[in-house]
A.B. asks: 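My questions all concern the structure below.
Order of listing sets the numbers, starting from 1, for every ligand and every atom in it. Counting begins at 1 with the first residue of the sequence.
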Amino acid sequence: MKAIQINRTGGPEVMQLVDIPIPTPGPGQVLLKIAATGVNFIEIYFREGRYPAALPLTLGMEASGTVVALGEGVTGFATGDHVVSAAVCGAYAEYALVPAMQLVRVPPALDLHQAAAAFLQGLTAHYLAFSTFPLKPGDTALIHAAAGGVGLLLTQLAHRIGTRVLTTVSTPEKAALARSAGADEIILYTQSDFVAETRRLTDGRGVDVVYDSVGKTTFAGSLECLRPRGMLVLFGASSGAVPPFDPILLNTKGSLYVTRPTLAHYVQTRSELESRAADVLGWVADGSLTLRTEHTYPLAEAAQALIDIASRKTTGKLLLIP
Ligand code: NDP
């Protein structure tokens, strides 16, 4: 089968299209014939070595497809089932293994491309809005990079809850997308100071929560945007890793909270995964959560997909089609 592997860490040039054997499922695993692979920023962190991994590594964590073989002890799935997962062992490939515990059946109303487009970023938006800082009507949130994959979904969820949603984006085109997702206010953080704008838009009070996936370039400013005892949810590092900081800052800036969550810890049990997945896939199926799949690439062009997402050119979701 074809797969995209890295043998060393580095830039897009280390990604190779290789021919490797189709893997055999071990105990508790399922073999998936992949229909669509989700492109996520985390692949860049693995490729660059920011997240360590054994090499050679087939990139990719998110895919939808059809179950073609079951390992020993797997129950609840059968060959032919349409499934999706955000914990695939090497999703940049034609086939991949997935722990059955991390697999979810795709509702009949959704096609497999929609399922891959919704899953990892949708689950992320779900736990951020409902668990990390459970938003309430009347809260005010600042969401950075609101036209991105997670950003567009999180903006929709926050708006639907009744939260006042302030957002940042880099271009007027992205501003229009954030607006259509339900943003109440849009700050072009490439042109104006998002801290001053946030303070102005909240009459100096600050927001209850900042969802910050940008990291290095926004972190310090995000702390400045919070009301006393507000929470900074740092969930990504699209602009680079946040440098170490002195916790006394949290005291001087208003007894603030900072958390650095990751999806795996919010889908730790089967029931938590199933319940979040049912919400996200159900809302896409009934039209209450809108997906934006900006571009699909052939598997062989995976390196280009990561170049595009890293260069701030993209909005919404990118998919690879094996
Ligand atoms: P996005 O589609 O949001 O793409 C990243 C966006 O970040 C860009 O479009 C850009 O928006 C913004 N950005 C700002 N500065 C930079 C920069 N210097 N370089 C690149 N991008 C920049 O990606 P995803 O939706 O896939 O992921 C968003 C973030 O969320 C990532 O950091 C990812 O790692 C993280 N994430 C975390 C999860 C978790 O559980 N913790 C799970 C899933 C994703 P603009 O042009 O508007 O500035």
Side-chain angles (χ1 to χ4, degrees), residues 11-12 37-48 50-51 59-62 86-87 91 116-133 142-157 166-179 181 183 186-192 194 210-219 221-222 232-242 258-268 272-273 276 280 291-295 305-320:
T37 296
V39 175
N40 292 289
F41 230 91
I42 195 167
E43 281 96 66
I44 298 175
Y45 308 147
F46 278 110
R47 192 196 64 203
E48 291 178 343
R50 277 200 255 170
Y51 289 179
L59 293 172
M61 303 184 68
E62 178 183 38
F119 207 62
L120 194 152
Q121 293 172 341
L123 292 177
T124 301
H126 191 285
Y127 84 72
L128 292 172
F130 293 105
S131 301
T132 307
F133 185 96
L142 173 64
I143 300 174
H144 286 302
V150 177
L152 280 176
L153 299 172
L154 181 57
T155 300
Q156 289 179 69
L157 295 186
L166 278 53
T167 57
T168 62
V169 294
S170 63
T171 66
E173 294 73 27
K174 291 187 174 189
L177 288 173
R179 178 79 69 196
I186 297 150
I187 302 164
L188 286 172
Y189 58 176
T190 41
Q191 294 174 21
S192 54
F194 75 84
V210 180
Y211 293 106
D212 187 343
S213 64
V214 173
K216 188 176 177 180
T217 58
T218 46
F219 181 79
S222 294
L232 171 48
V233 180
L234 175 71
F235 70 98
S238 302
S239 68
V242 173
V258 174
T259 182
R260 179 50 173 100
T262 196
L263 174 60
H265 298 138
Y266 285 85
V267 288
Q268 273 188 310
E272 194 172 24
L273 173 65
R276 291 194 201 281
V280 170
L291 298 176
R292 175 182 168 83
T293 302
E294 181 181 277
H295 200 50
L306 292 189
I307 290 170
D308 290 347
I309 198 170
S311 61
R312 305 175 79 164
K313 280 190 198 141
T314 65
T315 60
K317 187 69 185 176
L318 309 179
L319 293 178
L320 303 177

A.B. asks: Passes side-chain contact (heavy atoms from CB on, under 4.5 Å), Lys174 versus Thr315? Steps please.
C.D. replies: CA-CA 7 Å; Lys174 291 187 174 189; Thr315 60; 3.9 Å; yes
A.B. asks: At what distance, to the nearest 0.5 angstrom, does CG of Leu123 lie from CD of Glu62?
C.D. replies: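 Reported value, rounded in 0.5 Å steps: 8.5 Å.
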A.B. asks: Give a yes or no on whether the backbone of Asp308 and the side-chain of Ser311 come within a donor-acceptor separation of less than 3.5 Å.
C.D. replies: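 Confirmed, Ser311 side chain pairs with Asp308 backbone.
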A.B. asks: When you look for protein heavy atoms under 4.0 Å from ligand 1, which residues do they belong to?
C.D. replies: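 If the criterion is a heavy atom under 4.0 Å, then ligand 1 touches Phe41, Tyr45, Leu120, Gln121, Thr124, Tyr127, Ala145, Gly148, Gly149, Val150, Val169, Ser170, Lys174, Tyr189, Ser213, Val214, Phe235, Gly236, Ala237, Ser238, Ser239, Arg260, Pro261, Thr262, Leu263, Ile309, Ala310, Arg312, Thr314.
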A.B. asks: Name the residue from Leu263, Leu120, Leu59, Thr124 that meets the side chain to side chain contact (heavy atoms under 4.5 Å, CB included) definition with Asn40.
C.D. replies: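 Testing each of Leu263, Leu120, Leu59, Thr124 against Asn40, the sole residue satisfying side chain to side chain contact (heavy atoms under 4.5 Å, CB included) is Leu120.
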A.B. asks: Out of Leu234, Val242, Thr217, which one pairs with Asp212 under the side chain to side chain contact (heavy atoms under 4.5 Å, CB included) rule?
C.D. replies: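 Only one of Leu234, Val242, Thr217 forms a side chain to side chain contact (heavy atoms under 4.5 Å, CB included) with Asp212, namely Leu234.
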A.B. asks: For Gly236, is there any backbone N or O sitting under 3.5 Å from a side-chain donor or acceptor partner on Ser213?
C.D. replies: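 No.
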